[in-house]
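Any value given below was found using the heavy atoms of this structure, including those in side chains, with hydrogens, waters and symmetry copies removed. Every number for a ligand or one of its atoms is a count from 1 in the order of the listing.
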Amino acid sequence: AKAEGRGSFRFFDDSLTAGARHRIEMETRLRRAIEADELELHYQPQVDVTSGRMIGAEALVRWRDGDRGLVPPDAFIPVAEQTGMIAALGDWVLREACRQGREWHDAGLPVPRLAVNVSARQLQDESLVDRVRAVLDETGYPPDRLELELTESALMHQQERSVRVLRALRRLGLHLAIDDFGTGYSSLAYLRQFPIDVLKIDKRFVDDLADNNDDREIAGAILAMGHALRLSVLAEGVETEAQLAFLRANGCDSYQGYLFSPPLPPAGFARLLAD
Ligand code: C2E
Ligand code: CA
Ligand code: CA
Ligand code: CA
């Protein structure tokens with residue numbers, strides 16, 4: 001029976017494409033990683049352009065894998081989204097950020113607002129609002145110190161549903177940000193229906209701000225549009241003083257990037273808070 005089982009498994013396996021095999025293997029490893037507590041969050045400061053003070057931090061997930069070291073999210077988030085594992089992973093990220101924030105707060109550290117990424121798949125899940133509420137209750141983390149980052153493309157997918165879910169999240173007291181803005185062709189009319197607080201200008205428009213006139217025009221237009229809607233605008237991926245100078249001159253509210261700090265492991269971020 002054993003040999004037969006193995007044989008039929010091989011048949012099944014051979015019939016799969018390499019991509020499908022990779023997904024199944026990753027799904028198994030990722031599930032074990034969550035159970036074995038191998039995921040960790042790093043925190044990247046978000047800085048007020050005018051005062052230079054830290055006003056928030058984005059939580060970014062990493063996987064500490066025995067064989068591969070620290071695996072970046074681009075290597076496993078897409079698989080997690082395809083397989084549905086993102087629900088468990090997203091719950092873990094949310095809970096961990098709130099737990100950590102609460103712990104820092106209890107230790108007397110001035111915790112800035114923590115931003116957590118929410119994938120398109122999570123947003124489509126009817127239970128998202130209940131899950132967020134449960135995590136807030138469980139951790140005692142204050143809702144107004146939590147921001148959820150939703151990508152522009154995720155919101156465009158099911159607009160009416162998205163508006164309903166966002167309103168419910170807002171009623172809980174959360175802040176909401178649109179991530180990777182500028183990549184999804186949103187119009188002003190479209191944007192204004194969403195109850196959001198922050199627009200995050202995608203890194204690709206920030207990269208060449210110092211010398212590409214098109215990117216300067218685009219960034220300038222996003223800033224004007226965001227401000228017309230009374231939103232706060234944050235630029236991501238800021239690496240140079242020249243980029244920051246342009247953003248400051250154009251009224252950008254806040255930024256995030258290697259210029260101030262890369263994402264830091266919890267201990268390093270706590271040291272920054274303590275300074
Ligand atoms: P994102 O949400 O756009 O996050 C910003 C990414 O830019 C992060 O990459 C960050 O480390 C990187 N970054 C920040 N400043 C700079 C800079 O100055 N220069 C450069 N070159 N890069 C910079 P990371 O941590 O590898 O995350 C990649 C993507 O993975 C994220 O893009 C997000 O889409 C996804 N992701 C990360 N954590 C989570 C999570 O907990 N849940 C979900 N659903 N997605 C996540
Ligand atoms: Ca993000
Ligand atoms: Ca982003
Ligand atoms: Ca991005």
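- Proximity of a side-chain donor or acceptor of Asp48 to a complementary backbone N or O of Thr50 within less than 3.5 Å is detected.
- Side-chain contact annotation: Gln44 with His42, donor-acceptor N/O pair under 3.5 Å absent.
- The shortest separation from a heavy atom of Lys203 to ligand 1 is under 4.0 Å, placing the residue in contact.
- Hydrophobic clustering (side-chain heavy atoms under 4.5 Å, transitive across Ile, Leu, Val, Met, Phe, Trp, Tyr) groups Leu229 together with Phe205.
- Between Val233 and Ile201, the closest side-chain pair of non-hydrogen atoms falls below 4.5 Å.
- By the 3.5 Å distance cut-off applied to N or O atoms, Gln256 is not counted among the residues near ligand 1.
- Checked by distance only, ligand 1 and Leu41 stay at 3.5 Å or farther apart across all their nitrogen or oxygen atoms.
- The pair Asp125-Arg121 fails the salt-bridge criterion, with no side-chain N (NZ, NE, NH1 or NH2) lying under 4.0 Å from an Asp/Glu carboxylate O.
- Put simply, the side chain of Ser127 never gets that close to the backbone of Asp130: no donor and acceptor are under 3.5 Å apart.
- Residue-ligand proximity: Glu81 is placed with every non-hydrogen atom at 4.0 Å or more from ligand 1.
- Counting heavy atoms from C-beta on, the side chains of Phe246 and Val238 never come closer than 4.5 Å.
- With waters left out, the protein N, O or S atoms under 3.0 Å from the Ca ion (ligand 2) add up to 4.
- Of the heavy atoms in Ile77, only side-chain atoms (C-beta onward) come closer than 4.0 Å to ligand 1.
- The atoms of ligand 1 that sit less than 4.0 Å from any heavy atom of Gln44 are 14 (C), 15 (N).
- The closest donor-acceptor contact from the side chain of Asp197 to the backbone of Leu176 lies under 3.5 Å.
- Heavy-atom proximity to Val61, at under 4.0 Å, picks out these atoms of ligand 1: 38 (N), 39 (C), 40 (C), 41 (O).
- Checked against a 3.5 angstrom limit, the closest N/O atoms of Glu149 and ligand 1 fall outside it.
- In the hydrophobic clustering, where aliphatic and aromatic side chains (Ile, Leu, Val, Met, Phe, Trp, Tyr) are joined below 4.5 Å either directly or transitively, Leu234 groups with Val198.
- Applying the 4.0 Å criterion to heavy atoms of Pro73 picks out, from ligand 1, the atoms 24 (P), 25 (O), 26 (O), 27 (O), 28 (C), 30 (O), 36 (N), 37 (C).
- Which parts of ligand 1 touch Glu236 is read off a 4.0 Å heavy-atom cut-off, strictly below it: atoms 3 (O).
- Looking at Glu239 next to ligand 1, an N or O pair under 3.5 Å apart turns up.
- Between Pro142 and His105, every side-chain heavy-atom pair lies at or beyond the 4.5 Å cut-off.
- Set against the non-hydrogen atoms of Glu58, the atoms of ligand 1 under 4.0 Å away are 2 (O), 4 (O).
- Those atoms of ligand 1 that come under 4.0 Å of a heavy atom in Asp180, given as number and element, are 3 (O).
- Looking only at side-chain heavy atoms (C-beta outward), Trp63 and Leu39 come within less than 4.5 Å of each other.
- Side chains of Val111 and Arg145 form no contact here, defined as non-hydrogen atoms less than 4.5 Å apart.
- Test Glu58, Arg113, Gln256, Glu236 against Gln46 for side chain to side chain donor-acceptor pair (under 3.5 Å) and you get one pass: Gln256.
- Taking any N or O of Asn117, backbone or side chain, at least one lies under 3.5 Å from an N or O belonging to ligand 1.
- Close approach of ligand 1 to Ser119 is summarised as follows: ligand atoms under 4.0 Å from at least one heavy atom of the residue are 44 (N).
- Assignment of His42 to the shell around ligand 1 is not supported, since no heavy atom sits closer than 4.0 Å.
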* To do: For side chain to side chain contact (heavy atoms under 4.5 Å, CB included), just list the numbers for Phe76 and Val61, CA-CA rounded to whole Å, side-chain angles, deciding distance to a tenth of an Å, and then say yes or no.
  => CA-CA 10 Å; Phe76 61 91; Val61 70; 3.9 Å; yes
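- Of the heavy atoms in Val116, none comes closer than 4.0 Å to ligand 1.
- Note on ring orientation: taking the six-membered ring where Trp is involved, the planes of Trp104 and Phe269 are tilted (angle from 30° to 60°).
- Near Gly257, meaning under 4.0 Å from one of its heavy atoms, ligand 1 places the atoms 15 (N), 18 (O).
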